[in-house]
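Here is the structure we will look at, set down as structure tokens.
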Amino acid sequence: MRLYNTMSRRLEEFAPSGDEVKIYVCGITPYDRAHLGHAMSYIIFDVLRRYLEFLGFRVKHVQNYTDIEDKLIMRANAQGVPVSELATRYIEEFDEEMRELNITPAHLFPRATQEIPTIIEMIEGLVEKGHAYQANGDVYFRVRSKSDYGKLSGRDVDSMRAGARVEPGERKEDPADFALWKGAKEGEPSWESPWGPGRPGWHIECSAMSFRYLGETLDIHGGGQDLIFPHHENEIAQSEAYTGTQPFVRYWLHNGWLTFGEEKMSKSLGNIITIREGLEKYGADGVRLFVLTSHYRSPLSYSEEALESGKRAAERLRLAATLPGGNGPPADVPVEAYRERFVEAMDDDLNTPEALAALFDLARDLNRARDEGRAIEEPQATLHELAAVLGLTLREPETAMGAAPFIDLLVRLRNDLRAAKQFEQADRVRAGLGELGITLEDGPEGTRWRRG
RNA sequence: GGCGACGUAGCCAAGUGGUUAAGGCAGGGGUCUGCAAAACCCUGAUCGGGGGUUCGAAUCCCCCCGUCGCCUCCA
């Protein structure tokens, strides 16, 4: 499989360094509800993981929660609740949404606040080696102590100086230096440390957690493109300076943006559609189709029409995979050819649009065979299997099931009317169910109904 | 200013030197159906604009137009 490595800016053949693939994906800072942009990112890395496992790799996947951070503190103080409570609330919500999106859980979900000893140990090591220094209870990373700083994002320290932010009261040696540890301020949660009470800076938690759970070198580190700088750049600096081992990460993967109209969808712009809303309107498969019909490194633009299109497309695949075939001879759908097409597309830097095109062609082929009355178990099994690699369940949303007996009753009533050629009344029943979101389909084997 | 991305049918979106430019959604025509729905069949683009390289370019080079992202909040 070839993957685009942000570090080399090229496609590279992927091979893990050991007998398992070590993946670290940057998780959320749980200070607000998650939106479709987050869904996009985690769907993409879920597909990466599923595909690696499909290829037979053993994967160890770690995803963190940055549950201590400026915005989290501000938000918690504004609401008058402890930071930990606010974080836990959004983490639980996020977990549930990930579950509903059918995202395979990471093997470990460490939280920054539960890794303070590792973080302190790492900062101490950096200070000892001269890569970090203490100033007023803060500790900063000395960017100039690492000559290759900027290698991921393609910038050099000198050209960054003009734009670097220095907060009043900070005692940085260089404006580009960044905080590893922040001395406690009034009203902030804090932990004891050799530099006095304080809390970790933004980037160190990921270095600490990835080191503790995956070791000095990761195979794959993923996240959104906005994390390239400064977050991932700083992680590299810290981790490589601390361990003395290069590289920290062998393959850097970054997904493109979800945009809203022409702008990036982000919390700070306030133009977000929450995951909850997406799930309710379009279903998990619909949201996944929306995301996966575009290549992961390209920007993806939100529109109701595009999501609706994803929902309809998911329905098409679902019906193809689930409606029963006939009793005739087995269909001669070339499933191996479709499988090869799928694998070839996925091998090419996770080209999910191409992979999906193969699934849609398989679906058409299979539908044609069903129309001919052939047995279609084999192509359906293949469709299910490959769709699962993309995390698609192809299952009907499990809602309104309590209403099923009543719907069945109405369907029987309508069929009595049809048998009596009372079509006007029969159509009224169908239209009424339609308004309630139930679609009826009459076929040779009787009437079936579905949502949507 | 520095670094980067993008512009392909009504919409979303693959394809990055060579068969008729994937696929999805929407639309039109047809088959099936009591009528529908679903499904199937048929149906649409010469690839932002201009110039160049080449036997041959959506794909490479140059110029222009337009859009967006990052540059220490952000998946």
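Treat the numbers as computed from the prediction; the structure is a model and nothing was measured. Throughout, protein chains are lettered first and strands after them, A, B, ... in sequence-line order, and every chain is numbered starting at 1.
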Give the table of side-chain donor-acceptor pairs shorter than 3.5 Å for residues 369-376 of chain A, with sequence neighbours excluded, one pair per line with atom names and distance.
residue, atom, partner, partner atom, Å
Arg370(A), NH1, Leu323(A), O, 2.5
Arg370(A), NH2, Asn367(A), OD1, 2.2
Arg374(A), NH1, Pro330(A), O, 3.1

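- In the set A37(B), A75(B), U72(B), the nucleotide with an atom closest to the side chain of Phe229(A) is U72(B).
- Within residues 412-421 of chain A, the residues having any heavy atom under 4.0 Å from RNA chain B are, by residue number, Arg414(A), Arg418(A).
- Side-chain N/O atoms of Asn367(A) include one lying less than 4.0 angstrom from OP1 or OP2 on C40(B).
- The separation of U53(B) from C11(B), taken at their C1' atoms, amounts to 35 Å, rounded to a whole angstrom.
- Along RNA chain B, the nucleotide nearest to Trp257(A) and the one nearest to Asn234(A) differ in position, and the one closer to the 5' end is contacted by Asn234(A).
- Contact annotation for Gly223(A): backbone-only contact, meaning every heavy-atom pair under 4.0 Å involves sugar-phosphate atoms and none involves a base.
- For the salt bridge (charged side-chain N to carboxylate O under 4.0 Å, His left out) test, no residue two or more places apart in sequence or in another chain qualifies with Arg448(A).
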Identify every side-chain donor-acceptor pair in residues 203-210 of chain A under 3.5 Å, counting partners at least two apart or on other chains, and give the distances.
residue, atom, partner, partner atom, Å
His203(A), ND1, His231(A), ND1, 2.9
His203(A), NE2, Asn234(A), ND2, 3.1
Glu205(A), OE2, Thr66(A), OG1, 2.8
Ser207(A), OG, Glu235(A), O, 3.3
Ser207(A), OG, Gln238(A), OE1, 2.7
Ser207(A), OG, Ser239(A), OG, 2.9
Ser210(A), OG, Cys206(A), O, 2.8
Ser210(A), OG, Ser207(A), O, 3.2

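- Contacts of Leu359(A) with the nucleic acid, taken as non-hydrogen atoms under 4.0 Å apart, are absent.
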Query raised in the report: How does protein reach along nucleotides 13-28 of chain B, written 5' to 3' as B (base within reach of a heavy atom under 4.0 Å), S (only sugar-phosphate), or - (no contact)?
Result: SSS------BSBSS--
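- The side chain of Met40(A) has A75(B) as its nearest neighbour among A75(B), C41(B), C12(B).
- A donor and an acceptor atom sit less than 3.5 Å apart, one in the side chain of Arg430(A) and one in the base of C35(B).
- Looking at the side chain of Arg155(A), the nearest of the listed nucleotides G2(B), C40(B), A38(B) is G2(B).
- Counting non-hydrogen atoms under 4.0 angstrom, Phe290(A) reaches nothing in the nucleic acid.
- In this structure, the side-chain hydrogen bond (donor to acceptor under 3.5 Å, both in side chains) partners of Tyr338(A), at least two apart in sequence or on a different chain, are Asp365(A).
- With G2(B), C40(B), C35(B) as the choices, the nucleotide that has an atom nearest any side-chain atom of Asp371(A) turns out to be C40(B).
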